[in-house]
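The structure displayed is predicted, hence computed values, not measured ones. Residue numbers begin at 1 in each chain, while the letters A, B, ... track the order of the sequences.
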Amino acid sequence: MNKSEIQSEILNKAELRELFTDDLNQIQKEAVLHENGPLLILAGAGSGKTRVITYRIAYLVKFCNIWPSEILAITFTNKAANEMKERVEQLLGFNSRGIWIGTFHSMMLRILRQHADRIGFEANFTILNTDDQQRLIKEIMTELKINDDLLNLRYVQNRISSAKNQMQTWQELEQESGYDNLHKQIVEIYRLYQAALKRGNSMDFDDILVYAVELLQQNADVLDAYQTRFKHILVDEYQDTNHVQYLLVKLLSGKYKNVCVVGDDDQSIYSFRGANIENILNFEKDFKDSKVIKLEQNYRSTQTILAAANSVIKQNAGRKSKRLWTEKVKGDPINFYLAENQYEEARYVATEIRRLTKRGKDPIPAGNIGILYRVNALSRNLEFALREQGIKYNIYGGLRFYDRKEIRDFLAYLRVIFSDNDELAIARIINVPRRGIGDLTIERSRNIAHRENLPLMQVLANADQFPELSRTANNIRQFVQIIAELRTIMLDNQISFPEFARIIQEKSGLLQELIEQKEGGQEQAISRIENLQEILSDTIEFTERTKQEIEQFKLLDENFDQAEVPGLAQDNMDIYCQDLSLYSLMKGFLEQTALFSDLDQEEAENTVRLMAIHSAKGLEFDAVFLIGMEEGLFPGYRSFETPEQMEEERRLAYVGITRARRFLHMTATRSRLLYGQTKYNLVSRFMSEIPDEYIREIGGSRQSNFDNKFGAGNFGGDDSGVRVFGGSYSGTSIPDKSSYSNHSPGGKSKILGSFGLRDKQQANLNKNTKLNLSDISIGQSFKHKKFGIGIIEKIDYVASDAILTLNFNGRIKRMMASSAPLEKN
DNA sequence: GAGGAAGCCATTTTT
DNA sequence: TGGCTTCCTC
């Protein structure tokens, strides 16, 4: 959107309408102007949905006598929320502060803080992040002495989380099925976990939504207040909402029914974390008399790219009917490159990127190029090749800033200084850096705290009074001393928050430890020190922002009659920080870091961006590289189990393809070294779903795996792929032999055997396969070193491998034939 | 309680 | 392959 076009301060209503007409197509306009009643906007990829939402908000305020504070707009991420705020402000031409724009979590948290007492919490309850959550669950499991191979931490965490997403309490989960021992154990962990959270006056992320629903369901007055206040509710990315979120939308919109949801069922890619595609598919049933508007004109991609995306996604059943179209040019064909191995694939990507950025006419800026992949592990090979070509890049995803150890440690110090009773935080840092206080001491101190009903910090402060702690009392005193000093500084309130943060890093010894590691030659320490500095700038930024926020609220206060503006008086109460004291700032900062995984990270300046396809949702690039288009990788081997999962993979492919504006490259390899194993994957089925006319093949046919019976041509003896590669990319050397170390001639001939597998389902020539595929059959029994005797119930053939579903005396396990430690019984 | 060796296991991610 | 956990020894 052109900023200068929208100097809305000087626009009267007629002119604004004019502007609407200019900027929106007929259908978008219809969506914006719809006033009352439920509205479903099915917005295809690149159809301008963000524009529609922001215009709609502006329209409601400007033309429909709706106060900003009567609007609730829900986004998928905090980043999206900030962008939306900015764009709405541009349109409105005045402060849009009163509008509640944010994620479900941040908005519901705001509500919960106001009414915490109604659900049995103190108003200053704390939020557990994923890490805290894991530690707590682990503690409980250790206490229960659970060491079952099937009950690993992640699995339990997932089960609890999905129960919560379904609004299932542990009691309800318990009733679900009675006799399964595994199930019982999960229920028991869930029960103890909830009890521990409650005891600590804390909740996890999922709880925020669960408790919000409870609050509204059980308190008619509270529900009525919010229903009355929020005359309009807008929800973005509705296809990725889960059941609890659905309930919240339903509850909050109960009075006026002015709920507008925007989404695209074809882009639903988060079912693994409880997103329910049915929410969007059933919207018309759930909300009576709803209007449906389809945005089908794509403003992003060339015809070729869009046609390819359409032909892939149309393989899915059960979609809302829609057909994206574009007025854009036909554009370049999609390049498919079949590489020998992952090194070549990476080098192809790097060379092509260089070519795009350096081309004479109309070069593509690096910042407009994205490399997307199904699994983060694929980014590693690319890094090397990109560096080799001197291409600047940024990797998104993987370990996030706030998940880093040193950052978590620092935040834990903040929490410990802030509160006496944050047991998880204390346990985390009491021995960081090393102070000679081990697990046993922590455990004992905790027991004392629970026994004596004292905050843990006070037990530590009086360590010498408890005989159990006498051995380490000296070390504990050292720790208590540090915290006490820091706390005094906080209460004295004489220095700024950033200064204080720096002092914490020094006094705690965190910084010193890293400096010593750096001097000892440990490379990682350098970036860790940088991260600690980075968080200092976060505190500076946070202080500034808070200052502004408080001022803006003052301004609102002076200009408006509190009684007149719905919600103003209330909102004034619940801003993060009431003042700029250290205490207040710390409180606000901790709250933010709990919810904001990436304090809307600065967009890196003009660098190529690497990320998992999931993270690319909502983004677009002039040129996109989709790498690793291989069966077993994308679609991932786990998705072979059910048609639903396969459809989600296909939606993911659709999302990936539709990120591209002009150029799209898709790549696969003949042999891929991943997780320490070389695999010979078939080219992804998604490639075959794109008609020939849109594709230009380089280095090999994408169809070869499917129609080539005996490996003639592309898998023949010569390395034609390499020649094309080496020949057509000037400036690149032909890949040296070392690139091929994983690809022996023997390996090649073995690929041949896997061709017919899809049809015959029995060839077995893959050297990785421990079990002979042609020998196994349903009903056979095998011996597993851990689980004992198991019987094969199901065999799913995948590429040159197979997923076996085995029944070990009632326990169902799935394993890959190639790697499962099974012996014939 | 610390540190090293051995074993284990690998999606996707936001809040 | 490599990052993380657990087990074992000092």
Output one line per pair: protein atom, nucleotide atom from nucleotides 2-10 of chain C, and distance, for all N/O pairs under 3.5 Å.
unit_1: C/dT6; atom_1: OP2; unit_2: A/Lys138; atom_2: NZ; d: 3.2

Using nucleotides 11-13 of chain B, report all nitrogen or oxygen pairs with the protein that are shorter than 3.5 Å.
unit_1: B/dT11; atom_1: OP1; unit_2: A/Tyr675; atom_2: OH; d: 3.2
unit_1: B/dT12; atom_1: OP1; unit_2: A/Asn376; atom_2: N; d: 3.1
unit_1: B/dT12; atom_1: O4'; unit_2: A/Arg374; atom_2: NH2; d: 3.2
unit_1: B/dT12; atom_1: O2; unit_2: A/Arg374; atom_2: NH2; d: 2.4
unit_1: B/dT13; atom_1: OP1; unit_2: A/Ser615; atom_2: OG; d: 3.4
unit_1: B/dT13; atom_1: OP2; unit_2: A/Asn376; atom_2: ND2; d: 3.1

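No donor-acceptor pair closer than 3.5 Å links the side chain of A/Asn394 to the backbone N or O of A/Leu610.
Within the structure, a side-chain polar atom (N or O) of A/Thr441 is placed less than 4.0 Å from OP1 or OP2 of B/dG1.
Taking atom CG of residue A/Asp131 and atom P of nucleotide B/dT14, one finds them 16 Å apart after rounding to whole Å. Atom-to-atom, CG of A/Leu209 to C1' of B/dT14 comes out at 11 Å; the value is rounded to the nearest Å. A straight line from CD1 of A/Ile127 to P of B/dT14 spans 18 Å, rounded to a whole angstrom. Across the protein-nucleic acid pair, A/Asp240 atom CG and B/dT15 atom C1' stand 14 Å apart, rounded to whole Å. Atom CG in A/Leu109 sits about 13 Å away from atom P in B/dT15, given to the nearest Å. In this structure, A/Asn165 atom CG and B/dT14 atom C1' are separated by 11 Å, rounded to whole Å. Spacing between atom CG of A/Asn242 and atom P of B/dT15 amounts to 14 Å, rounded to whole angstrom units. What separates CD of A/Glu237 from C1' of B/dT15 is a distance of 15 Å, to the nearest Å.
Judged by distance alone, the side chains of A/Thr669 and A/Glu344 never bring a donor and an acceptor atom under 3.5 Å apart. Residues A/Gln239 and A/Gln267 bring no donor and acceptor atom of their side chains to less than 3.5 Å of each other. Judged purely by distance below 3.5 Å, without hydrogens or angles, the side chains of A/Arg159 and A/Tyr155 pair a donor atom with an acceptor atom.
Other residues, nucleotides and ligands contribute only 12 or fewer heavy atoms inside 6.0 Å of the CZ atom of A/Arg471.
Salt bridge annotation for A/Glu591-A/Lys587: absent, with no cationic side-chain nitrogen under 4.0 angstrom from a carboxylate oxygen.
Across all strands, A/Gly676 comes closer than 4.0 Å to base atoms (heavy-atom distances). Backbone-only contact: A/Asn431 has heavy atoms under 4.0 Å from sugar-phosphate atoms and none from a base.
The one candidate from A/Asp204, A/Thr130, A/Asp206 that meets the side chain to side chain donor-acceptor pair (under 3.5 Å) condition with A/Ser161 is A/Asp206.
Judged by a 6.0 Å distance limit and a 45° cone about the ring axis, A/Lys198 is positioned over the six-membered ring of A/Phe121.
Projected onto DNA chain B by closest heavy-atom contact, A/Ile437 and A/His105 fall at different nucleotides, the more 5' of which corresponds to A/Ile437.
Two rings, from A/Tyr270 and A/Phe76, have their centers less than 6.0 Å apart.
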